[in-house]
Amino acid sequence: MTELNDLIRRVEKLEARAEIGELASAYAVACDEHDMPRLLSLFTEDAVFDSPSQLMVAHGVGEIEAMFVRMLSIRGPAFHWTHDHFVRFDDATPDEATGLVLSHAETTPDDVVSIAAMRYEDRYRRVDGRWRFAHRSIHFLYYVPVTEFASGLNAKLRVLVGGRRLPADYPENLPVWQAFATMHAANG
């Protein structure tokens, strides 16, 4: 009987992983289509959306809605796509999971055609049998006008938002990046 229970748990995780993957894709489509009802349905009522730069911070689905209305109001056509998606489960909390989503976006904030590379650090929660975002944190590698793309990745201030240039959220701030730089600077 334990083999059957183990098999059931494994199949449930595979199904959950597929549903969470579709959750990330549905987020991209909802952003691109400015589909607020669909977008908001992807979050738990007490969800948090944030970013290390504090450009985007919202607590609860009401604040998330207000934040996205502001953002999408200044943005025309866009195309988001997800790449690799890592999902981790903890058997002690079967209705919760964590994830990392690697992503790109082509956007048009304030009519400026731009490109961004980002990663989302997520916490998911199953509510009423459906997986949703409980916490979504967006981290930018770069966000630049396409005219700056060729030189943008090497720039220190490679996130351009609302006319302000900011440092990227990663990789320079990652402990593994810093450890590598420290170790190899001492050897070089």
Side-chain angles (χ1 to χ4, degrees), residues 1-53 55-65 67-68 71-72 75 77-107 115-143 168-171 173-177 179-180:
M1 193 63 162
T2 54
E3 285 182 24
L4 179 58
N5 289 340
D6 182 50
L7 182 60
I8 290 169
R9 276 194 304 277
R10 291 172 61 197
V11 169
E12 287 174 344
K13 282 183 183 178
L14 288 172
E15 289 175 340
R17 185 178 306 277
E19 186 179 341
I20 290 169
E22 289 179 8
L23 175 71
S25 296
Y27 168 87
V29 171
C31 286
D32 292 346
E33 294 179 355
H34 295 192
D35 185 343
M36 290 303 295
R38 183 177 190 186
L39 181 63
L40 296 175
S41 76
L42 305 175
F43 291 90
T44 62
E45 285 296 319
D46 62 344
V48 173
F49 193 109
D50 63 20
S51 62
S53 64
L55 287 172
M56 300 169 71
V57 177
H59 298 267
V61 76
E63 286 185 21
I64 290 170
E65 178 179 22
M67 179 185 72
F68 274 98
M71 280 183 6
L72 298 177
R75 191 170 78 204
F79 184 76
H80 288 74
W81 66 99
T82 59
H83 304 295
D84 300 316
H85 191 173
F86 303 91
V87 179
R88 299 289 177 254
F89 298 95
D90 180 350
D91 288 335
T93 54
D95 288 329
E96 296 180 8
T98 58
L100 175 69
V101 179
L102 306 180
S103 185
H104 274 92
E106 298 166 353
T107 65
I115 188 163
M118 59 270 191
R119 57 197 269 170
Y120 293 93
E121 295 179 7
D122 293 332
R123 285 199 315 264
Y124 314 105
R125 185 180 323 133
R126 187 168 28 202
V127 177
D128 298 327
R130 199 169 134 235
W131 287 96
R132 298 176 192 202
F133 296 109
H135 188 167
R136 180 150 247 220
S137 185
I138 187 171
H139 300 242
F140 288 100
L141 173 65
Y142 60 82
Y143 192 170
D169 297 320
Y170 76 99
N173 293 331
L174 298 174
V176 293
W177 180 278
F180 179 89

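Note that the structure is predicted; figures quoted are calculated from it, not measured. The basis for the numbers below is simple: all heavy atoms, side chains too, and nothing from hydrogens, waters or symmetry mates.
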**Request:** Answer whether the closest heavy-atom distance between the side chains of H80 and T107 falls below 4.5 Å.
**Result:** yes
**pair K13-D91: side-chain heavy atoms closer than 4.5 Å** = yes
**Asked** Does the S51 side chain pair with the main chain of H139, one donor and one acceptor, at a distance under 3.5 Å?
**Response** no
**Prompt:** Can you list the steps and then say if D46 with R132 is a salt bridge (charged side-chain N to carboxylate O under 4.0 Å, His left out)?
**Reply:** CA-CA 11 Å; D46 62 344; R132 298 176 192 202; over 6 Å; no
**Item:** Pairwise distance CG(D32) to CG(L39) - rounded to 0.5 angstrom
**Value:** 10.5 Å
**Request:** Search all heavy atoms of L141 against all heavy atoms of P171 and return the closest pair with its distance.
**Result:** CD1-CD, 3.5 Å
**Item:** Test side-chain contact (heavy atoms from CB on, under 4.5 Å) applied to L100 and R88, R119, H85, the passing residue
**Value:** R119
**Asked** How far does CD1 of I64 sit from CE of M36, to the nearest 0.5 angstrom?
**Response** 9.5 Å
**Prompt:** Between W81 and S103, what is the shortest heavy-atom contact and its length?
**Reply:** O-OG, 2.9 Å
**Request:** Would you give the length of the straight line joining atom CZ of R9 to atom CZ of F89, rounded to the nearest 0.5 angstrom?
**Result:** 14.0 Å
**Message:** Assess, by modelled atom type and distance only, whether the side chains of D50 and H135 contain a donor and an acceptor separated by less than 3.5 Å.
**Reply:** yes
**Message:** Between Y120 and T82, does the side chain to side chain donor-acceptor pair (under 3.5 Å) criterion hold? Intermediate values first, please.
**Reply:** CA-CA 10 Å; Y120 293 93; T82 59; over 6 Å; no
**Request:** Side-chain contact test, heavy atoms from C-beta onward, threshold under 4.5 Å: evaluate it for E96 versus R123 and give yes or no.
**Result:** no
**Item:** Point-to-point distance, once rounded to the nearest 0.5 Å, from CE of M118 to CG of L102
**Value:** 10.5 Å
**Item:** Sub-6.0 Å ring centroid separation between F68 and F49
**Value:** yes
**Request:** Find the distance between OH (Y124) and CZ (R136) and round it off to the nearest 0.5 Å.
**Result:** 6.0 Å
**Prompt:** For the atom pair CG (L55) and CG (D169), what is the distance rounded to the nearest 0.5 Å?
**Reply:** 8.0 Å
**Prompt:** Are R130 and T44 close enough, and set up right, to give a side chain to side chain contact (heavy atoms under 4.5 Å, CB included), and what steps lead you there?
**Reply:** CA-CA 10 Å; R130 199 169 134 235; T44 62; over 6 Å; no
Identify each donor-acceptor pair in which a side-chain atom of residues 19-31 lies under 3.5 Å from a protein atom, sequence neighbours left out, and give them as a table.
from, atom 1, to, atom 2, distance (Å)
E19, OE2, W131, N, 2.9
S25, OG, G21, O, 3.4

